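Worksheet for the structure shown next.
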Protein chains: 2
Amino acid sequence: MTVTLADVAARARVSPATVSRVLNGNYPVAASTRERVLRAVDELDYVLNGPASALAAATSDLVGILVNDIADPFFGIMAGAAQTEIGGGDGPRTAAGAPGSADPVRGQGGRSGRAGGEKLAVVCNTGGSPERELTYLTLLQRQRAAAVLITGGALEDPEHIAAMTAKLARLAQAGTRVVLCGRPPLPDGLPAAENDPILAALTFDNRGGARRLTDHLLALGHRRIGYVAGPTGRTTTRHRLEGHRRALAAAGIASGQDRLTVHGPYTRASGYAATLELLRREPLLTAVVAANDTVALGVCAALREQGLRIPDDVSVAGFDDLPFALDVGPALTTVRLPLVEAGARAGRIALGREPAPDGGIATMGATVLPRASTAPPRG
Amino acid sequence: MTVTLADVAARARVSPATVSRVLNGNYPVAASTRERVLRAVDELDYVLNGPASALAAATSDLVGILVNDIADPFFGIMAGAAQTEIGGGDGPRTAAGAPGSADPVRGQGGRSGRAGGEKLAVVCNTGGSPERELTYLTLLQRQRAAAVLITGGALEDPEHIAAMTAKLARLAQAGTRVVLCGRPPLPDGLPAAENDPILAALTFDNRGGARRLTDHLLALGHRRIGYVAGPTGRTTTRHRLEGHRRALAAAGIASGQDRLTVHGPYTRASGYAATLELLRREPLLTAVVAANDTVALGVCAALREQGLRIPDDVSVAGFDDLPFALDVGPALTTVRLPLVEAGARAGRIALGREPAPDGGIATMGATVLPRASTAPPRG
DNA sequence: CTGTTAGCGCTTTCAG
DNA sequence: CTGAAAGCGCTAACAG
């Protein structure tokens with residue numbers, strides 16, 4: 001029924017091994033032979049059997065990208081950049097193996113969708129659930145994935161960290177390359193040991209960005225600043241909140257901050273509800289900082305609904321600089337993260353096309369972008 | 001090095017066949033035997049070898065979800081819904097096979113990330129490129145994917161349609177279940193034949209939604225309406241534009257419409273540029289309809305930058321009702337599409353948990369949501 | 001440069 | 001209900 005490598009070999013009058021070599025391009029093969037094989041492949045419309053190949057070679061071309069929320073552009077942008085770098089066929093291609101030589105993958109007549117040395121980059125949506133995170137890792141382990149790229153903040157629950165550490169160790173041990181993107185290395189701050197299962201951890205300067213963002217607000221003259229934090233127990237949430245608190249502390253506004261902080265998921269609805277709550281606790285608020293842009297959307301909506309103008313009555317700031325940040329009521333002051341750059345770099349490291357950073361950890365800058373949603377407080 | 005099924009069998013003092021049967025839960029096994037096997041699995045921390053399993057069984061548990069742009073929430077939302085339904089381990093689980101019986105997949109101590117009969121739902125980002133679409137399909141074919149879910153509008157290029165038809169036929173023939181979500185069946189309007197490779201096509205009523213949206217604008221009194229269309233040659237673009245044109249035609253405003261239509265990608269930047277162009281062509285425009293919400297963002301930005309107020313000077317409408325539509329300057333009038341419902345349903349059909357609709361095609365409604373960005377024209 | 005020979009780890013008849 | 005045996009389709013030494 002389905003065409004196998006042996007069929008191709010028979011038609012090209014060579015051995016199966018030769019066909020395999022042509023297809024993988026990792027071994028010298030005479031040009032004329034290659035031609036014949038390629039023609040047979042085309043004529044038979046042969047497609048490699050991935051599982052069989054993976055079984056024999058003890059590795060597959062699957063690369064998993066884990067994201068916390070696929071509907072959130074924050075992850076979509078990173079994942080897209082990584083995926084462009086890894087799979088799909090329009091990134092820069094390294095001619096595998098042999099000296100000069102034609103690419104083993106060529107469509108007949110310019111079109112066609114045959115895939116050769118391609119990696120299959122796929123994104124897996126954990127929904128922020130630790131169980132699903134582990135499940136996906138197991139599924140990927142089971143597929144003998146070539147690499148795994150884990151994006152976004154991590155859960156700080158010790159039990160989950162232990163489970164993740166164990167799981168990643170097994171993955172690494174089985175040859176899967178693990179790269180973290182936008183997430184600190186497992187035991188927060190651990191130096192990359194020789195046997196570290198994690199190849200590289202690309203982290204964002206969430207703390208610094210948050211700190212500078214609140215500094216910006218303070219410089220404008222704000223003193224009563226509400227903070228809508230992300231869900232508790234996540235690294236991103238904690239780092240951003242810490243940056244915020246440090247800025248306040250440096251300005252001598254340390255007391256009573258818990259009262260001005262409300263936690264919630266990274267959603268618009270959370271920002272909305274939290275703002276109402278903050279306003280109840282402190283009606284004289286002059287600014288609200290949101291854990292990210294999506295949350296800021298909800299903050300703005302709640303403020304407007306209360307008849308408060310932005311930034312005249314209350315200033316608002318977000319984080320991430322998602323595309324829509326420019327279009328919210330007044331353009332949103334926020335912190336830009338190099339999402340595309342991080343995703344692409346993580347993808348390249350996962351593929352071994354770029355060396356891991358020194359020490360395995362690289363922190364990528366965060367830039368405050370002052371826009372129309374922040375201004376000096378009234379009066 | 002890595003634990004194999006044989007190791008588990010040895011430890012449980014049964015044959016490999018028995019272990020396989022326990023793990024797959026598709027065959028009667030004595031409870032006591034099962035217990036022993038499961039214990040051995042836990043103790044050895046065994047993880048099934050996916051490729052080997054897929055090779056032997058001639059099918060894998062991979063389910064591919066193709067999207068045109070992973071950074072666009074339109075796709076993220078659909079893909080997320082589908083993925084929740086398919087993989088990840090928190091959806092409803094059907095106890096496979098055997099009478100009553102314990103689930104072969106159980107975490108020890110409540111956590112753990114072992115995966116059993118799970119499917120691995122993964123999303124593949126084509127970036128709207130026909131080559132990548134075909135490439136991913138080949139990659140999925142090569143993995144012997146259990147199902148493929150293709151979301152979003154299709155390219156209308158005859159050559160690409162032919163290539164897709166051929167590719168999907170091969171996939172179906174190899175046992176992969178193909179479901180379209182938010183995309184019309186291949187040869188537009190073809191009745192589902194018995195041998196149709198496509199199990200089901202869930203389409204959105206883009207034409208109807210667009211028609212009603214423009215009717216809304218006409219009812220408000222607008223007559224000079226600009227339209228920022230999506231990229232040419234895509235079903236979604238064409239259907240929405242047709243709906244718009246029909247509404248105009250029904251109102252007797254048929255002439256000169258080409259002049260008031262500008263095409264571009266589904267991006268904010270495109271909306272921005274197109275609006276400037278439309279304004280140049282017709283300074284007296286009273287409304288602009290965008291191909292989708294993201295484009296509408298750019299439209300609003302351009303309008304504001306020209307000193308035009310929304311909706312006082314110019315009304316703006318989008319399409320899709322993405323979450324941020326509520327937060328743009330004045331809340332955006334748009335058309336709601338049942339993204340979550342469609343994604344989830346497509347996922348279920350792909351898994352065979354829900355029957356395909358009659359005739360293989362189901363059209364899902366589109367609802368106009370009038371909001372603050374549209375109002376009667378000035379004067 | 002090319003052919004031969006063994007498996008990779010699992011599923012699945014076919015017999016008990 | 002359980003075991004034995006025969007591959008699934010490909011890759012990877014090893015010889016030529």
Side-chain angles (χ1 to χ4, degrees), chain A residues 1-10 12-37 40-41 44 46-61 96-99 101 104 116-117 141-144 146 174-175, chain B residues 1-10 12-37 40-41 44 46-61 96-99 101 104 116-117 141-144 146 174-175:
Chain A
M1 190 71 240
T2 74
V3 183
T4 75
L5 189 148
D7 298 332
V8 175
R13 317 188 131 279
V14 295
S15 71
T18 299
V19 177
S20 172
R21 295 196 265 251
V22 169
L23 260 22
N24 290 302
N26 55 6
Y27 218 81
V29 174
S32 65
T33 310
R34 177 210 307 291
E35 266 316 308
R36 230 166 344 118
V37 170
V41 166
L44 296 175
Y46 169 70
V47 173
L48 184 72
N49 182 318
S53 167
L55 173 57
T59 176
S60 82
D61 48 13
S101 92
Q141 174 184 4
R142 166 163 144 181
Q143 301 297 328
R144 302 302 187 256
Chain B
M1 190 71 242
T2 74
V3 183
T4 75
L5 189 146
D7 299 332
V8 175
R13 315 188 132 280
V14 295
S15 72
T18 299
V19 177
S20 171
R21 296 198 262 251
V22 169
L23 259 23
N24 289 302
N26 55 7
Y27 217 81
V29 174
S32 64
T33 309
R34 177 209 309 290
E35 266 316 308
R36 233 171 336 124
V37 171
V41 166
L44 296 174
Y46 170 70
V47 173
L48 184 71
N49 182 316
S53 169
L55 172 58
T59 177
S60 81
D61 47 14
S101 92
Q141 173 184 5
R142 166 162 144 182
Q143 301 297 328
R144 302 302 187 255

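A, B, ... follow the sequence lines: proteins, then strands. Residue 1 opens every chain. Just so it is clear, the model here is predicted, and its values are computed rather than measured.
When each of R13(A) and G50(B) is assigned the nucleotide of DNA chain C bearing its nearest heavy atom, the one mapping closer to the 5' terminus is R13(A). Ranked by how close their nearest DNA chain D nucleotide is to the 5' end, A17(B) and A57(B) are led by A17(B). Take the nearest nucleotide of DNA chain C for A54(B) and for A31(A): the residue whose nucleotide is more 5' is A31(A). Along DNA chain D, the nucleotide nearest to L55(B) and the one nearest to T33(B) differ in position, and the one closer to the 5' end is contacted by T33(B).
For the atom pair OH (Y46(B)) and CG (D7(B)), the distance works out to 9.0 Å, reported to the nearest 0.5 Å.
Nucleic acid contact for A58(B): none, since no nucleic acid atom lies under 4.0 Å from a heavy atom of the residue. Using a 4.0 Å heavy-atom distance criterion, V14(A) is classed as a sugar-phosphate-only contact.
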Legend entry - Residue pair V14(B), T33(B): steps toward the side-chain contact (heavy atoms from CB on, under 4.5 Å) verdict: CA-CA 8 Å; V14(B) 295; T33(B) 309; 3.8 Å; yes
Inset, instruction - Given side-chain hydrogen bond (donor to acceptor under 3.5 Å, both in side chains), test N49(B) with S53(B) step by step and report yes or no. - result: CA-CA 6 Å; N49(B) 182 316; S53(B) 169; over 6 Å; no
Inset, instruction - Let me see the working for V29(A) and R21(A) under side-chain contact (heavy atoms from CB on, under 4.5 Å), right down to the final yes or no. - result: CA-CA 7 Å; V29(A) 174; R21(A) 295 196 265 251; 3.9 Å; yes
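Every residue meeting the side-chain contact (heavy atoms from CB on, under 4.5 Å) condition with A40(B), not counting sequence neighbours, appears here in chain and number order: V8(B), R11(B), A12(B).
Once you apply a 4.0 Å limit to the heavy atoms of chain A, the touched nucleotides of DNA chain C run 5' to 3' over dC1(C) to dG9(C). Of all nucleotides in DNA chain D having an atom under 4.0 Å from a heavy atom of chain A, the first and last in 5' to 3' order are dG9(D) to dA13(D).
Contact detail for S15(A) and A9(A): the closest heavy-atom pair is C-CB, 3.8 Å.
Under a 3.5 Å cut-off, the side chain of R144(B) and the backbone N or O of Q141(B) do form a donor-acceptor pair. Put simply, the side chain of S60(B) gets close to the backbone of Q143(B): a donor and an acceptor are under 3.5 Å apart.
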